[in-house]
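Reminder, nothing fancy here: chain letters follow the sequence lines and each chain counts from 1. Computed from a predicted structure; not experimentally measured.
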Protein chains: 2
Amino acid sequence: MVTKISEIEQKCVDKGMRMTGQRRVVARVLSGAEDHPDVEEIYRRAEKRDPNISIATVYRTLRLFEAANVIDRLEFGDGKSRYEVSSEEDSHYHLIDVKTGKVIEFEDEEVSRRLQEIAQKLGYKLIGDRLDLYGTVSDTGGNQNS
Amino acid sequence: MVTKISEIEQKCVDKGMRMTGQRRVVARVLSGAEDHPDVEEIYRRAEKRDPNISIATVYRTLRLFEAANVIDRLEFGDGKSRYEVSSEEDSHYHLIDVKTGKVIEFEDEEVSRRLQEIAQKLGYKLIGDRLDLYGTVSDTGGNQNS
DNA sequence: TTACGTGCAAAAGGTTTGCAATAAC
DNA sequence: GTTATTGCAAACCTTTTGCACGTAA
């Protein structure tokens with residue numbers, strides 16, 4: 001993939017947001033993240049690109065991006081906010097390994113379709129969802145995880 | 001007057017838990033709750049039954065009940081923990097009205113079955129789940145954004 | 001009786017905010 | 001130049017904890 005400004009940055013620009021160095025840094029940290037970092041971790045990664053960035057700015061930027069709908073906040077029950085770039089595609093879900101904290105992302109058309117249906121049946125327009133499964137590696141085969 | 005002990009109390013007794021007045025109070029508050037109160041609210045309701053109960057005890061009791069698996073902790077994204085009595089039956093899900101905060105509970109066999117299947121396919125034993133939908137009333141709502 | 005639970009207040013996280021300095025447009 | 005944004009530190013809010021006292025079993 002060709003290196004260019006991150007998709008997040010593009011969206012922010014499109015929304016008329018003032019693009020400061022700090023916002024670019026946070027945008028790139030998130031774009032490059034394959035995991036679901038908490039704020040402290042995002043701050044740590046941001047510091048590597050801009051040693052003077054403050055955690056207050058990281059918090060403010062994350063709130064801003066979340067409000068602008070370019071990232072999603074997750075909560076896996078440890079009392080910290082975690083973030084990921086929001087995907088335009090079908091929503092995806094999480095399976096959290098309760099022993100290791102490892103998070104597996106997955107999608108499922110059947111579930112997505114059914115949830116849509118359920119919301120509609122209840123008289124609602126679905127505008128978001130959060131589905132987290134908690135599990136332990138089953139001893140009966142399947143794939144092994146580091 | 002003989003008050004029927006709540007299902008929670010029974011479970012606690014069964015698990016050999018020391019049943020104090022405060023724990024009974026919290027158990028009854030939760031048993032009587034039709035909603036998903038946060039800790040402050042649980043404390044407020046508990047105070048009506050025992051004006052001397054402390055919020056520290058409420059927190060400790062909730063953690064205890066949660067660990068004993070008689071209640072479930074929920075998080076709807078407002079930074080506060082909310083609680084409900086855990087149901088022995090199929091897990092149920094939530095649809096949160098983002099305009100009013102109203103929470104509708106629902107169950108769905110198709111979704112439950114599929115989630116079970118997915119976890120298994122990923123090599124995991126499903127031990128818990130959390131499914132929250134966010135929506136707005138779909139017809140004749142009237143309200144626009146705030 | 002004795003180990004366990006409680007109340008209080010202080011501490012501990014995580015997150016937000018007031019304000020003066022700074023940078024984007 | 002004007003207005004929004006930043007860094008710092010203090011404030012805030014929810015939750016946890018140390019300790020002396022109280023209480024269920």
A.B. asks: C/dT15 P sits how many Å from A/K80 NZ, rounded?
C.D. replies: 9 Å

A.B. asks: Considering all heavy atoms of both residues, which atom of A/Y134 and which atom of B/L126 are nearest to each other, and what is their separation?
C.D. replies: O-CD1, 3.6 Å

A.B. asks: Whole angstroms only, please: what is the CD-P distance between B/E75 and C/dG14?
C.D. replies: 14 Å

A.B. asks: What does the inter-axis angle of the helix from C/dT1-D/dA25 to C/dC25-D/dG1 come out as, five pairs per end, nearest 10 degrees?
C.D. replies: 40°

A.B. asks: Tell me the interatomic distance from A/L62, atom CG, to C/dG14, atom P, rounded to whole angstroms.
C.D. replies: 15 Å

A.B. asks: With the threshold set at 4.0 Å, does a side-chain nitrogen-carboxylate oxygen contact exist between A/E47 and A/R44?
C.D. replies: no

A.B. asks: What is the distance from CD of B/E40 to P of D/dC12, rounded to the nearest Å?
C.D. replies: 16 Å

A.B. asks: Can a salt bridge be assigned to the pair A/R113 and A/E117 using a cut-off of 4.0 Å between side-chain N and carboxylate O?
C.D. replies: yes

A.B. asks: Just by protein heavy atoms under 4.0 Å, how would nucleotides 16-25 of chain C read 5' to 3' in B, S and -?
C.D. replies: BBB-----BS

A.B. asks: Could you state the atom-to-atom distance from CD of A/E41 to C1' of C/dG14 in whole Å?
C.D. replies: 16 Å

A.B. asks: Looking at D/dA24, I'd like to know if its phosphate oxygens (OP1 or OP2) sit under 4.0 Å from a side-chain N or O belonging to B/Q22.
C.D. replies: no

A.B. asks: From CZ of B/R23 over to P of D/dT23, roughly how many Å is that when rounded to an integer?
C.D. replies: 15 Å

A.B. asks: By nearest heavy atom, map B/G79 and A/V58 onto DNA chain D; which one lands nearer the 5' end?
C.D. replies: A/V58

A.B. asks: For residues 54-63 of chain B, which residue pairs pass the side-chain hydrogen bond (donor to acceptor under 3.5 Å, both in side chains) check, not counting sequence neighbours?
C.D. replies: B/S54-B/T57

A.B. asks: Please check this pair: side chain of B/R82 against backbone of B/R73, looking for a donor-acceptor N/O pair closer than 3.5 Å.
C.D. replies: no

A.B. asks: For A/N52, answer base if it contacts any base atom (sugar-phosphate contacts may also be present), sugar-phosphate if it contacts only those atoms, and nothing otherwise; contact means non-hydrogen atoms under 4.0 Å.
C.D. replies: sugar-phosphate

A.B. asks: Compare side-chain N and O positions of B/T57 against OP1 and OP2 of C/dG7 and report whether any pair is under 4.0 Å apart.
C.D. replies: yes

A.B. asks: Could you tell me whether A/H94 and A/F76 have their ring centroids closer than 6.0 angstrom?
C.D. replies: yes

A.B. asks: Please state how far atom CZ in B/F65 lies from atom P in C/dG5, giving the value in whole angstrom units.
C.D. replies: 11 Å

A.B. asks: Which atom names give the shortest non-hydrogen contact between B/A68 and B/K15, and what distance separates them?
C.D. replies: O-NZ, 2.6 Å

A.B. asks: Taking all non-hydrogen atoms of both residues into account, name the closest pair between B/L74 and B/R130 and its distance.
C.D. replies: CA-NH1, 3.5 Å

A.B. asks: What heavy-atom pair brings A/Y93 and A/D108 nearest, and what distance separates the two atoms?
C.D. replies: CE1-N, 4.1 Å

A.B. asks: Return the value, rounded to whole Å, for the distance between atom CG of B/D78 and atom C1' of D/dC13.
C.D. replies: 12 Å

